[in-house]
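A short worksheet on the structure shown next.
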Amino acid sequence: MGPHPAVAAIRLAVRRVLHDVLTEHGRTTLGRTREEPGACDDTPHERPPSPLVLVACSGGADSMALASALAFEAPKLGIRAGAVTVDHGLQPGSDLRADEVVLRLRELGLDPVESTAVTVGREGGPEAAARDARYAALDAAAERHGAAAVLLGHTRDDQAETVLLGLARGSGIRSLSGMAAVSGGPGAARRYRRPFLQLDRQTARKACMVQSLPVWDDPHNADPAYTRSRLRHEGLPALEKALGKGVVEALARTAQLSRDDADALDAWARQAEAAVRDSAGLLECAKLYALPPAVRRRILRRAAIEAGAPAGSLFARHIEEVDRLITGWRGQGVINLPGKVVAQRQGGRLVIRQG
């Protein structure tokens, strides 16, 4: 008899990601791929070291299910598997709980396993600050251990919540694209992998239950003080009551479609940018005006970020104000942007710089 369907589902999802990691890690021989001349001759070659894949594990059902699947699948593919748990220090006894998670992860056979404590700031609100601290810790762990990838336990339910939060912010199609199945960290464009984006939260929890894996339910996930918690326990159930089942699946599908569209528009904007700059590199207003709004605003956003505006603080309303210097010119003055960046129109050119 095979494994329970929930266990089979999480293992399959992880196996697919690990195959991708192996492919990207490269079956090379002394720097040459198998397709290159000399790669298939009779001379013995050194194989690259086995890649290390880490799982970020809080001890909750999603990440424990992910850790168990990684521990099961990685050895069969010759991949080393480890784990990191981040202690945010936001609750009494969080350090003891982190130590318990480390023990559970080691019992699964993962190695290396470590707990890392972080200090959560206040910038952007408690949820954003905790997320920033967590990713910084995971990036540092990945660099320290030379990990090829870090697996994250976000599920289809998390994706649906992210889409709704993006919709509420009114930040455009990119915010509706939710979380990418593959995303980057500093110097590693494809560090983070989310194997469970096509699986629901209940599947992960069921997989833990049938494997007798103890899980920890973070009380913050049920605290109405947090926006995502209210959305999870009040917003989504209300939508399902009004619209019927299938809302989560539809929102997750919307995320993928939005991501495809956003990627295409980003590529268009990158190609168009060179054509709207003059010989001095300044943006020409007349040429910007001729572009479709979605392409033009991407160029403006990119220019603002390059001038020093923090991407996380640059909202649609900021770009709309700058865009009016192009489309609704009435002699407006300087537009102030986050990061002490200013935008102004001068002699038919758009200048975006540090103020």
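This chain uses plain numbering: 1 for the first residue, then up along the sequence. Note that the structure is a prediction, hence the values are computed from the model and not measured.
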Could you see if [X] belongs to whatever hydrophobic cluster contains [Y]? Use Ile, Leu, Val, Met, Phe, Trp, Tyr and a side-chain cutoff under 4.5 Å.
{"X": "V163", "Y": "L239", "answer": "yes"}
{"X": "V342", "Y": "L283", "answer": "no"}
{"X": "V84", "Y": "W216", "answer": "no"}
{"X": "L12", "Y": "V14", "answer": "no"}
{"X": "M179", "Y": "L199", "answer": "no"}

Is [X] reaching over with its side chain to a backbone N or O of [Y], donor-acceptor style, under 3.5 angstrom?
{"X": "H318", "Y": "F315", "value": "yes"}
{"X": "T85", "Y": "C57", "value": "yes"}
{"X": "Q211", "Y": "A207", "value": "yes"}
{"X": "R156", "Y": "V248", "value": "no"}
{"X": "R296", "Y": "L291", "value": "yes"}
{"X": "R106", "Y": "V113", "value": "yes"}
{"X": "S63", "Y": "S58", "value": "yes"}
{"X": "E284", "Y": "G348", "value": "no"}
{"X": "E234", "Y": "S229", "value": "no"}
{"X": "R193", "Y": "L18", "value": "no"}

Q.
With side chain to side chain contact (heavy atoms under 4.5 Å, CB included) as the criterion, how do I10 and L66 come out once you've worked through the C-alpha distance, each side chain's angles and the decisive distance to 0.1 Å?
A. CA-CA 7 Å; I10 64 170; L66 183 58; over 6 Å; no
Q) Which pairs, with at least one residue in residues 135-152 and sequence neighbours excluded, count as a side-chain hydrogen bond (donor to acceptor under 3.5 Å, both in side chains)? A)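 The answer is E114-R144, E114-H145, Y135-R194, D139-R191, D139-Y192, E143-R191.
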Side-chain touch [X]/[Y], heavy atoms, less than 4.5 angstrom:
{"X": "R15", "Y": "H19", "answer": "yes"}
{"X": "Q344", "Y": "R353", "answer": "yes"}
{"X": "N336", "Y": "V334", "answer": "yes"}
{"X": "L52", "Y": "P112", "answer": "yes"}
{"X": "L77", "Y": "V21", "answer": "no"}
{"X": "V118", "Y": "R134", "answer": "no"}

Minimum heavy-atom separation for [X] and [Y], please, with both atom names.
{"X": "G178", "Y": "T162", "value": "CA-CG2, 3.8 Å"}
{"X": "V322", "Y": "A343", "value": "CG2-CB, 4.0 Å"}
{"X": "R228", "Y": "L165", "value": "NH2-CD1, 3.6 Å"}
{"X": "A65", "Y": "A204", "value": "CB-O, 3.6 Å"}
{"X": "F196", "Y": "G153", "value": "CD1-O, 4.3 Å"}
{"X": "G82", "Y": "L70", "value": "O-CD2, 3.9 Å"}

Check [Y] with [X], please: is the shortest side-chain N to carboxylate O separation under 4.0 Å?
{"X": "E73", "Y": "K76", "value": "yes"}
{"X": "R174", "Y": "D266", "value": "yes"}
{"X": "R253", "Y": "E249", "value": "no"}

Nearest-0.5 Å distance, [atom1] of residue [X] to [atom2] of residue [Y]:
{"X": "D20", "Y": "R190", "atom1": "CG", "atom2": "CZ", "value": "7.0 Å"}
{"X": "L300", "Y": "L288", "atom1": "CG", "atom2": "CG", "value": "6.0 Å"}
{"X": "R201", "Y": "Q159", "atom1": "CZ", "atom2": "CD", "value": "11.5 Å"}
{"X": "L152", "Y": "D62", "atom1": "CG", "atom2": "CG", "value": "11.5 Å"}
{"X": "H25", "Y": "I79", "atom1": "NE2", "atom2": "CD1", "value": "9.0 Å"}
{"X": "L108", "Y": "R104", "atom1": "CG", "atom2": "CZ", "value": "10.5 Å"}

Q: Please identify each residue that fulfils ring pair (Phe, Tyr, Trp, His ring centres under 6.0 Å) with Y226, with sequence neighbours left out.
A: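 H220.
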(Q) Tell me whether W268 at atom CH2 has more than 12 heavy atoms from other residues, nucleotides or ligands lying less than 6.0 Å away. (A)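 It does not: W268 CH2 has 12 such atoms or fewer within range.
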Q: Please say whether more than 12 non-hydrogen atoms of neighbouring residues, nucleotides or ligands are located less than 6.0 Å from CD in E321.
A: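 Yes, because the 6.0 Å sphere around CD of E321 holds more than 12 heavy atoms from other groups.
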Under a 3.5 Å cutoff, is there a donor and acceptor pairing between the side chains of [X] and [Y]?
{"X": "T155", "Y": "D158", "result": "yes"}
{"X": "S258", "Y": "D261", "result": "no"}
{"X": "R11", "Y": "S68", "result": "no"}

Q: Quick one: which residue pairs count as a ring-ring contact (aromatic ring centres under 6.0 Å, His included) with a foot in residues 62-100, not counting sequence neighbours?
A: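 Non-adjacent pairs meeting ring-ring contact (aromatic ring centres under 6.0 Å, His included): zero.
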Q: Run the numbers on L314 and V341 for side chain to side chain contact (heavy atoms under 4.5 Å, CB included), then give the verdict.
A: CA-CA 11 Å; L314 197 60; V341 171; over 6 Å; no
Q: Carefully, step by step, assess T203 and D200 under the rule side chain to side chain donor-acceptor pair (under 3.5 Å).
A: CA-CA 6 Å; T203 297; D200 61 33; 2.7 Å; yes
